[in-house]
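All values reported here derive from a predicted model rather than from experimental measurement. Just so we're on the same page: letters track the sequence lines, and every chain starts at 1.
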Amino acid sequence: LKELEYTPAPAFSTDEDKTPFEDVVRYNNFYEFGTAKDDPARYAHEMSVDPWSVQVDGECDRPGTYALEDLLKPHALEERVYRLRCVEAWSMVIPWIGVPLADMLKRFEPNSRAKYVYFETLHDPDQMRGQRSLFSTVDWPYREGLRMDEAMNELSFFTVGLYGKTLPNQNGAPFRLVVPWKYGFKSIKSIVRIRFQEEQPATTWEMIAPQEYGFYANVNPEVDHPRWSQKRERRLPSGLLSPNWVETQKFNGYGEQVAHLYKGMDLRQNY
Amino acid sequence: MRSTGLVRSRRFLLGFRLSAALVALLPLAWLVWRMAAGLLGPDPGQELTQALGLAALQLLIATLCMTPMQRWTGWVGWVRIRRMLGLCAFFYACLHVLSFLQFMVGWQDLWATFTTRPYIIAGSVAFLVLIPLSLTSTRGMMRRLGPNWKRLHRLAYLSVVAAWVHFVWQARSDIGEMLVYGLLIAVLLWFRWRWNGWRGLLPLTASNSRANSDRVG
């Protein structure tokens, strides 16, 4: 992992206790490398992330294939300490390093027909053993998407590092999204494709179980997942003798910045 | 593999039962060790709950393997450890339920937890059914219940199927492991069907087969 140069962005950072580095890098959901929490830490080294390029297409004026370092060159990196809330009712606090997603997306000059932006994770069974599994119900590649105004929100983060260094592979190297007011699965990892489009894209979890996972996936303690309550979360690391329960906040506590995006929408319908 | 002198000796049987008990307690020992050494990871409650539930399912399956093993090998030692394995399965299931309530639910919203979530309802069925089976597992109860004992203990099939449903329902995207357990259970139930027909699988009904105290597993 390479050291990164960055400036802290306190206006975008929580001062809650951070989840230690070793927990952030050993407890991951990254099904491309297996479904157990420790599979990614064990197998993600089988993926090569250098060099890395991204294909940009769809409703924008500057489509093309971009090398990651060329994309990053004009930007100054900043550090934001965000809460990450998984739909499985656990959460972490992680110091991410990256650039505002809006700054990055604007460079591709999306046109007026760009209502949504779609992202795709690398699909390469040779490097990703989870994609070789015969019994997986995931239709690879992993897909995610945001409405354009969500993507352009100041909180959406194009992330290349954590704890001062480049991202470990299991955390989505070389770059991923971090959308802190949504459940963790929206924060797609190891991105190879960005597409601007007019229609709402189909997203992986919604495709697998539409009654359980919606397109919006905003953190919301009032709307339970059918298999577990969303009222509280276990802030990691949690102990057996001192279970670290935290009350879940609507929009993961980022309502001030994002609640206006959903004005007039029924969040029970659009979960 | 018919019984020979050594295999029939009391000392061999005792050693076999002791080894089986040790193997049945291995998952617990492994968990206690990992707990003590802080090796359960950042979300230890979740890890513990899952591991205990899996051990309960595995032991339940092991319990149901004993009767077929006895029939296949002709050795009575297999059914001699059946009750102990079943009680161990119940023991792990109790710890699993406690761990779930303590670490996953935090003893809150219990009513909603047990009435609105289908996978928990399936797990509850699997667990509740084991209670009467454990209570009637003594020799005295076996004698007192007579033929009804067998009918009652066919509930073990319901328990293992409900436990499997509970397990599969939690799969998020990869069901390979679940299918292996499912296949095992299917084979074990198929044996019962072959021996006794459908009535041999259904609990609480009279079986039309010849009486044989080793038929129920």
Between the side chains of [Y] and [X], is the shortest nitrogen-to-carboxylate-oxygen separation below 4.0 Å, so that they form an ion pair?
X      : Y      : value
A:R143 : A:E206 : no
B:R117 : A:D224 : yes
B:E47  : B:R34  : yes
A:E16  : A:R235 : yes
B:D43  : A:R234 : yes
A:K182 : A:E150 : yes
A:E144 : A:K186 : yes

Proximal component of [X], with respect to chain B [non-hydrogen, under 4.5 Å]:
X      : result
A:E22  : neither
A:W228 : both
A:S229 : both

Atom group of [X] that falls short of 4.5 Å from chain A, counting heavy atoms:
X      : result
B:Y119 : side chain
B:M104 : both
B:Q46  : side chain
B:A112 : neither

Identify which of A:N244, A:L240, A:T137, A:V138 forms the greatest number of heavy-atom pairs closer than 4.5 Å to chain B. A:L240
Find the one option among B:P118, B:S99, B:G45, B:G106 whose heavy-atom pairs under 4.5 Å with chain A are most numerous.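 So the answer, after comparing B:P118, B:S99, B:G45, B:G106, is B:G106.
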